[in-house]
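Here is the structure we will look at, set down as structure tokens.
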Amino acid sequence: MKITAVFPSQGRDLRLDLLRGVANWAIFLNHMPNNAVNWITTRNYGFSDGADLFVFISGYTAALVFGRMMRDHGFVVGATRLWRRVWQLYVAHVMVLVIYIATVGYVAYRFQFDTLVHQFNVARLGDRPFTTLIEGLLLRFKPVNLDVLPLYIVLMALFPLVLWIMLRRPSLTLLASFLLYLAARHFGWNLAAYPEGYWFFNPFCWQFLFCLGAWTALGGGTEIRPFLISRWVVTLGIGYLVFALILTLAASFGSVRQIVPDWLFDAVNPNDKTNLGPYRVLHFILIALLVIRFMPMDWKGLKSPICDPLIKCGQQSLRVFCVGIFLSFLGYFLLTISSGALLTQILISAAGVGILCALAYYGDWSKKIDKIIKRPRKEAPIAGKPGEKMVA
């Protein structure tokens with residue numbers, strides 16, 4: 001079959017880096033309960049949050065990078081490069097898993113805070129260490145807050161075949177992904193977790209958001225252009241976002257809850273994050289459409305110093321995400337043993353974000369240094385000895 005996918009023009013889209021940075025910051029802050037700084041994240045103002053954005057952008061960038069490889073060099077080259085990335089993600093997950101468990105265990109027993117091992121779902125390791133570690137390697141055992149990376153690994157591992165088909169039939173592939181999403185919600189399909197239950201992020205449902213991002217990168221962005229310039233879409237989109245805002249705030253404020261009918265409140269509360277509720281998907285899509293419409297690629301704000309830390313965190317996404325997992329646990333622990341005052345919450349959150357930014361800037365600087373080191377060295381003649389050369 002002939003490749004029909006349309007790739008965007010060459011050049012890095014800083015909007016992706018910016019939004020991925022936003023997702024990483026949001027995931028870090030949202031993993032610290034009872035933290036007032038969480039209110040700056042979108043989770044408190046609508047149905048979708050940083051996880052939706054992270055998965056969508058992951059699908060977009062995967063299709064963009066490995067889709068070009070597959071188009072230019074064939075399926076084998078593209079698939080093997082993609083699986084190499086999966087291996088990197090898996091190694092990162094194993095390192096995070098081991099160090100995270102060790103950190104939780106050390107803090108719990110060092111400070112006589114035994115409830116932490118149960119609260120963060122690592123107590124099973126003390127009862128059945130070998131079985132639990134094996135299940136962790138199989139992605140079935142996941143301590144609290146370690147759910148996103150296993151989802152990403154599974155989606156990427158199965159993506160080569162999906163990408164091969166999507167390069168040739170983008171819209172048909174997206175339709176198949178949507179039908180799988182509907183079937184998983186209808187029949188209750190999910191992967192089993194250890195020691196009981198199911199995956200918090202159901203991969204049969206969340207794959208749709210991943211494929212939606214891939215479809216957008218492979219020509220879908222062109223197909224939705226009429227919706228971007230439609231005033232009706234903007235009007236209805238803003239109306240739906242206000243609707244989502246009211247229903248979300250109703251869960252936190254009794255005064256807002258009184259004006260929302262019970263049947264309507266119960267339809268979206270609690271928010272179905274595990275199976276990616278349809279209202280959640282629609283909320284994210286409308287936000288994405290509005291962002292694309294009002295934030296073009298040449299938006300001057302992308303060059304501003306204010307956006308630069310977010311962009312850097314988006315460009316160094318994996319390391320920022322992994323370190324953010326540890327910082328969110330430590331931040332939660334510090335908030336728990338402290339007074340919990342608003343100033344304390346702000347200081348801990350700001351310190352965590354500052355560490356993530358420092359890590360991102362170091363990663364960017366280190367990458368540039370590596371490129372300089374790898375450049376071929378020039379040879380220069382030795383002064384006073386024509387014809388002879390020395391290594392400069």
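Just so it is clear, the structure is predicted and the values come from calculations on it, not from any experiment.
Annotation: the span from Gln207 atom CD to Leu155 atom CG amounts to 7.5 Å, rounded to 0.5 Å. Between the CG atom of Leu149 and the CG atom of Leu139 there is a distance of 9.0 Å, given to the nearest 0.5 Å. To the nearest 0.5 Å, atom CG of residue Leu174 and atom CD1 of residue Ile165 are 13.0 Å apart. Distance check: Ile369 CD1 to Tyr362 OH gives 9.5 Å after rounding to the nearest 0.5 Å. The structure places CG of Leu276 at 9.5 Å from CZ of Phe201, a figure rounded to the nearest 0.5 Å. Taking SG of Cys357 as the start and CD of Gln316 as the end, the distance is 12.0 Å to the nearest 0.5 Å.
Criterion: ILVMFWY side-chain heavy atoms under 4.5 Å apart, direct or through other members. Under it, Leu138 and Met95 are not part of a common hydrophobic cluster. Transitive grouping of hydrophobic side chains (ILVMFWY, heavy atoms separated by less than 4.5 Å) brings Trp263 and Phe47 into a common cluster. A continuous path of Ile, Leu, Val, Met, Phe, Trp and Tyr side chains, each step under 4.5 Å between heavy atoms, connects Phe187 with Trp206, placing both in one hydrophobic cluster. Grouping the Ile, Leu, Val, Met, Phe, Trp and Tyr side chains by contacts below 4.5 angstrom, directly or via other members, places Leu180 with Leu158. In the hydrophobic cluster analysis, where Ile, Leu, Val, Met, Phe, Trp and Tyr join through side-chain heavy atoms closer than 4.5 angstrom, Leu137 is grouped together with Met156.
When atom types are taken as modelled, the side chain of Thr80 and the backbone of Val77 share a donor-acceptor pair closer than 3.5 angstrom. Side-chain atoms of Tyr100 come within 3.5 Å of backbone N or O of Val144 as a donor-acceptor pair. Judged by distance alone, the side chain of Ser338 and the main-chain N or O of Leu335 form a donor-acceptor pair under 3.5 Å. Distance alone, capped at 3.5 Å, places no donor-acceptor pair between the Asn35 side chain and the Asn30 backbone. Counting only distance, with no hydrogens or angles, the side chain of Arg81 and the backbone of Met69 share no donor-acceptor pair below 3.5 Å. Proximity of a side-chain donor or acceptor of Arg185 to a complementary backbone N or O of Asn275 within less than 3.5 Å is detected. For the pair Ser48 (side chain) and His283 (backbone), a donor-acceptor distance under 3.5 Å is absent. Of the possible polar contacts, one joining the Thr336 side chain to the Tyr332 backbone as a donor-acceptor pair under 3.5 Å is found. Thr61 places a side-chain N or O within donor-acceptor distance of the main-chain N or O of Ser58, the cut-off being under 3.5 Å. Judged by distance alone, the side chain of Asn269 and the main-chain N or O of Phe265 form a donor-acceptor pair under 3.5 Å.
Side-chain contact between Asn145 and Phe329 is absent, with no heavy-atom pair separated by less than 4.5 Å. In this structure the side chain of Tyr194 reaches within 4.5 angstrom of the side chain of Arg124, judged on heavy atoms. For the pair Arg43 and Asn38, the minimum side-chain heavy-atom distance is below 4.5 Å. At least one side-chain heavy atom of Lys303 sits under 4.5 Å from a side-chain heavy atom of Leu14. By the 4.5 Å heavy-atom criterion applied to side chains, Cys322 and Leu318 are counted as neighbours. Between Leu218 and Thr4, every side-chain heavy-atom pair lies at or beyond the 4.5 Å cut-off. Side-chain contact between Tyr60 and Trp215 is absent, with no heavy-atom pair separated by less than 4.5 Å. Using a 4.5 Å heavy-atom threshold, the side chains of Ile134 and Phe141 count as separate.
For the pair Leu302 and Pro296, the tightest heavy-atom approach, listed with the atom from each and the gap, is CD1-O, 4.2 Å. Counting all heavy atoms, side chain and backbone alike, Tyr198 lies closest to Asn190 at CB-ND2, 3.4 Å. Scanning all heavy atoms of the two residues, the minimum distance from Phe7 to Ala63 falls at CE2-O, 3.9 Å. Across all their heavy atoms, Val260 and Leu247 have their closest contact at CG1-CD2, 3.3 Å. Heavy atoms only, all atoms of each residue included: Met32 and Ser328 are closest at CG-O, 3.3 Å. Contact between Asp147 and Pro143 at its shortest, heavy atoms only, is OD2-O, 4.4 Å.
Under a cutoff of 6.0 Å and an axis angle of 45°, Arg85 and Phe66 do not form a cation-pi pair. A cation-pi arrangement is present between Arg168 and Trp164 under the rule of less than 6.0 angstrom and at most 45 degrees off the ring axis.
Checking Phe326, Phe28, Phe54 one by one against Phe321, the ring pair (Phe, Tyr, Trp, His ring centres under 6.0 Å) holds for a single residue, Phe54.
No side-chain N or O of Thr42 forms a donor-acceptor pair with one of Asp49 less than 3.5 Å apart. Between the side chains of Ser317 and Asn24, at least one donor N or O sits under 3.5 Å from an acceptor N or O. For Asn44 and Thr248, the side-chain atoms include no donor-acceptor pair closer than 3.5 Å.
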Test salt bridge (charged side-chain N to carboxylate O under 4.0 Å, His left out) on Asp364 and Lys368 and set out the steps. CA-CA 6 Å; Asp364 182 70; Lys368 293 177 181 177; 3.3 Å; yes
Let me check something: any side-chain donor-acceptor pairs from residues 102-117 under 3.5 Å, sequence neighbours excluded? List them with distances.
from   : atom 1 : to     : atom 2 : distance (Å)
Thr103 : OG1    : Ile99  : O      : 2.7
Gln112 : NE2    : Tyr109 : O      : 3.2

Return all side-chain donor-acceptor pairs below 3.5 angstrom for residues 307-314, not counting sequence neighbours, or 'none' if the list is empty.
from   : atom 1 : to     : atom 2 : distance (Å)
Asp308 : OD1    : Lys312 : NZ     : 3.2
Asp308 : OD2    : Tyr361 : OH     : 2.5

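Aromatic pair Trp83/Phe75: ring centres not closer than 6.0 Å. The six-membered or imidazole ring of Tyr181 lies away from that of Phe204, with a centre-to-centre distance of 6.0 Å or more.
The aromatic rings of Tyr152 and Phe210 sit tilted, their planes meeting at an angle between 30° and 60°. Taking the six-membered ring where tryptophan is involved, the planes of His93 and Tyr90 are tilted, since the angle between them lies from 30° to 60°.
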